[in-house]
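Take a look at the structure below.
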Amino acid sequence: MSIARVDDDVTIWFITSAGSAKIQELAEDARAMVNLQADDRFACINGNAELVFDPRQIRELWKEAYRVWFNGKDDQDIVLVRFTSFDAEYWDNSGGSGIKHALEAARAYMTGHPLDQTPDGEVQSHARIKLWDPSEGSEDE
């Protein structure tokens, strides 16, 4: 699966094959986990995945690099997976705090609460962050 886009609200879009085993699994159970790694930094994001069969959206997210897996953006085998995250956990073994800041910024955006400031020089190498509380509902309701 390839990440096609990450939206400001931490929605992650993947492009993949409709015939893959993971698509059958997601059709039966939408709970999912996304694991990301960059050098000494790791993130584990929990959420729900939804299968999206939308040719317009596929064309919008299409990248020419996907041609190694598909016969163009109109290939009938393409399906999008929309992953909506609700919490995340990260580990930063590099001594930096870049991932932490990105996840905290996502949480601040989703909850409408400003970023918490940490004392200068404090580096946390592990944290759990709630990005969204499903029990709170949405503003659209």
remark   = The single option from D8, D7, D9 that satisfies side-chain hydrogen bond (donor to acceptor under 3.5 Å, both in side chains) with T11 is D9
request  = Please list all pairs passing the ring pair (Phe, Tyr, Trp, His ring centres under 6.0 Å) test where one or both residues lie in residues 45-65, with sequence neighbours left out.
outcome  = W62-Y66
task = Kindly compute the distance separating CG (L80) from CD (Q57), expressed to the nearest 0.5 Å.
result = 6.0 Å
note = dist Y90:OH -> F42:CZ (nearest 0.5 Å) comes out at 13.5 Å
query = Taking C-beta and beyond as the side chain, do W69 and I15 meet within less than 4.5 Å on heavy atoms?
reply = no
inquiry  = Quick check: do V52 and V79 have side-chain heavy atoms less than 4.5 Å from each other?
reply    = no
message = Let me confirm one number: the CZ-OG distance from F70 to S2, rounded to the nearest 0.5 Å.
response = 9.0 Å
remark   = Output for pair (I23 CD1, E28 CD), nearest 0.5 Å, gives 12.0 Å
note = For N46 and M33, the nearest pair of non-hydrogen atoms, with its separation, is OD1-CE, 3.6 Å
ask   = Which atom names give the shortest non-hydrogen contact between I78 and G72, and what distance separates them?
value = CD1-O, 3.5 Å
Same cluster (ILVMFWY, side-chain, under 4.5 Å), I58 and V68 = yes
inquiry  = On a heavy-atom basis, which atom in S20 and which in S17 lie closest, and how many Å separate them?
reply    = OG-O, 3.0 Å
query = Does a salt bridge link R67 with E64, judged by any charged N lying under 4.0 Å from a carboxylate O?
reply = yes
query = Tell me, do T16 and K22 make a side-chain contact under 4.5 Å, heavy atoms counted?
reply = yes
inquiry  = When you compare the side chain of V34 with that of I3, does any pair of heavy atoms fall below 4.5 Å?
reply    = no
inquiry  = Within this structure, what is the CD-OG1 distance for the pair E50 and T84, rounded to the nearest 0.5 Å?
reply    = 7.0 Å
ask   = What distance separates K73 NZ from L61 CG, expressed to the nearest 0.5 Å?
value = 11.5 Å
message = Would you say F83 ends up clustered with L51 if hydrophobic residues are merged whenever their side chains have heavy atoms under 4.5 Å apart, either directly or through other cluster members?
response = yes
request  = May I ask you to test the R82-R5 pair for a side-chain heavy-atom distance under 4.5 Å?
outcome  = no
inquiry  = Whether the side chain of S85 engages the backbone of D87 through a donor-acceptor N/O pair (distance < 3.5 Å, no angle test) should be reported.
reply    = no
